[in-house]
Each structure stands twice: as structure tokens, then as C-alpha cells.
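One structure is given here, and the rest of the page talks about it.
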Amino acid sequence: MNPRDEIVFVVDDDARVREALGELLESLGWRTETFAAAADYLACPKPDLPACLILDVELPDVNGLEFQKQLSSDAHPPIVFITGHGDIPSSVRAIQGGAVDFLAKPVGEVYLIAAVRAAIRRDREQRTTRAELAELMRRLSALTPREREVLPLVVSGLLNKQAAAELGISEITLEIHRSKIMHKMEAASLADLVRIAEKLRIPVTHSRRSGSSRECTTRSL
């Protein structure tokens, strides 16, 4: 993948740091956008590209760690923190909040580049996961209300006659619903449908035998 198809955002109130980081990253082929404050970063339209956010801890409008917390409710580029006033509690909080790394200024070039690459790699993986989930949600939305009732019973491992009895319908009707579910969810097998249901976090509250739903799922595979 061409680095020009990736972007690195830099938020730091020190103009010299912004300039130095921008020049370094662009020399390596990355697109960059630099900002002096968190508000400026938020106000800027973002291209739909794999990205990394290099974020200073001490900003004029908000603490970087608090800004990380604000961003956590939405999809955002993985963060690499840089700071001239780092301490262990801050670094622990940053990493626990999902940051890729927490680097002290002056930032070593090798460590920074490694962190940026790791962040962009993580963003690519997260984007892929979100796209896959969006596609599965699209398939799920195509199910009828009755098919949505049948789905958790099927993936729980119940026999057709057991699932039909649970819903008060005939076994033939249950089999028809099951076939339509397999088609709409584009599942190649029951095991595939179970994996899809797990990704969608479909609640499984029934089992063919006594025991947990996880045990039932394992047996059904």
C-alpha cells in the first residue's frame, strides 16, 4: 500500500514540533495534516483513509488524555501520544484508553515511525472489521420479524422440531424460515451461521441440552 493512501494527523501546540513531524512524515511518503489545538482537528474534514493521530498531552484547549476519552465514543484513528511532561500514571491511562504508544519528547525517529506504522495497521484492521459488521447488519436487516425470532433458536443448536415447538409453528414452517435465513445471511453452513451470529452478538438463550449456550454452540459445530 502506498503511504500516500494513508494520512497522519498531528495535534501539537508547538509550531516547531508540528513542522518537524510534518516534514519527517511527508519525507517518508505519508500525507499529513497538522493542528495547534484539538478543536482545529475536530473542525477539519477527514479523508476516508487509514490514519494515525499523533497527539500531544498538553494542549491549549484540552488535555490530550481527556481528548482521547472524548473521542472514544466514535470511530477515530488510533492515537500515538507525545509529551514533554510524561509520567507513568499518564502513560498507563493512555495505553489503557487504547493508545498505540506514549512517547517522550524529543521523540526518537525510529520509535515514532514504528508507532505510526502500528497505528495505521491497527486502523486498517478496525476499518475492515467495521465494514464486515456493517455488511452483516445489512443482511440481518433483510430478515423478517419471524426470521429474527428463528435465528437465535437455530444457532443455539436446537433441533428443528424443538425450535418449532418453542415458537408454536410447524416443523415444515420452521425449515422454510431456516432456509430463508441461511440464504439472506449468505451462510454456507450452520457453522458459518453460528459465526455470523457471534459477530452480530445475537443472544443465544436456548440449548439442546442443559448447559451454557457456548457449550451448545461448540457441540453444534
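Hydrogens, waters and symmetry mates are skipped; everything else that's a heavy atom, side chains included, is used.
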#### Entry: Salt bridge present between E125 and R121 (N-O < 4.0 angstrom)
no
### Query
Between S141 and R148, which heavy-atom pair has the shortest distance, and what is it?
CA-NH2, 3.3 Å
### NZ/NE/NH1/NH2 to OD/OE distance under 4.0 Å, R178 and E147
no
### Query
Does any N or O in the side chain of K184 come within less than 3.5 Å of the main-chain N or O of A142, such that one atom is a donor and the other an acceptor?
yes
### Message
Given 3.5 Å as the limit, does a donor-acceptor pair link the side chain of T173 with the main chain of I169, or not?
### Response
no
### Task
Indicate yes or no for a side-chain donor-acceptor contact from K199 to the backbone of T129 under 3.5 Å, with no hydrogens or angles considered.
no
### Task
Classify the angle between the aromatic ring planes of F102 and F81 as parallel (below 30°), tilted (30 to 60°) or perpendicular (above 60°).
tilted
### Task
Taking all heavy atoms of L133 and all of L200, pick out the closest pair and write down the distance.
CD1-CD2, 3.8 Å
### Query
So, the side chain of R31 versus the backbone of I7: is there a donor-acceptor pair under 3.5 Å, distance only?
no
### Message
With salt bridge (charged side-chain N to carboxylate O under 4.0 Å, His left out) as the criterion, how do R146 and E149 come out once you've worked through the C-alpha distance, each side chain's angles and the decisive distance to 0.1 Å?
### Response
CA-CA 5 Å; R146 175 59 90 181; E149 291 180 319; 2.8 Å; yes
### Message
Between E66 and R93 (salt bridge meaning N to carboxylate O under 4.0 Å), is one present in this structure?
### Response
yes
### Task
Determine, for D123 against R127, whether the closest basic-nitrogen to carboxylate-oxygen distance falls under 4.0 angstrom.
yes
### Message
Quick check against the 3.5 Å criterion: does D14 have a side-chain atom that pairs as donor or acceptor with the backbone of R16?
### Response
yes
### Salt-bridge criterion met for E135 and R138 (N-O under 4.0 Å)
yes
### Query
Thinking salt bridges, do K105 and D56 make one under a 4.0 Å N-O criterion?
yes
### Query
Where do Q68 and A94 come nearest, in terms of heavy atoms and distance?
NE2-O, 3.0 Å
### Message
Between S90 and D87, do the side chains contain a donor N or O and an acceptor N or O under 3.5 Å apart?
### Response
yes
## Note on the structure
In terms of heavy-atom contacts, F9 and K46 come closest through CZ-CD, 3.7 Å
### Heavy-atom closest pair, residues A38 and V62
CB-CG1, 3.5 Å
### Query
Only one of T34, I54, I113 forms a side chain to side chain contact (heavy atoms under 4.5 Å, CB included) with L25, so which one is it?
I54
### Message
Closer than 3.5 angstrom, by distance alone: can the side chain of S179 be matched with the main-chain N or O of I176 as a donor-acceptor pair?
### Response
no
### Message
Membership question, hydrophobic clusters at under 4.5 Å side-chain separation (ILVMFWY): are W30 and Y111 in the same one?
### Response
yes
### Summary
Here the pair of heavy atoms bringing D61 nearest to A39 is OD2-N, 2.9 Å
### Query
Mind checking whether I181 and L167 sit in one hydrophobic cluster, side chains of I, L, V, M, F, W, Y counted as touching below 4.5 Å?
yes
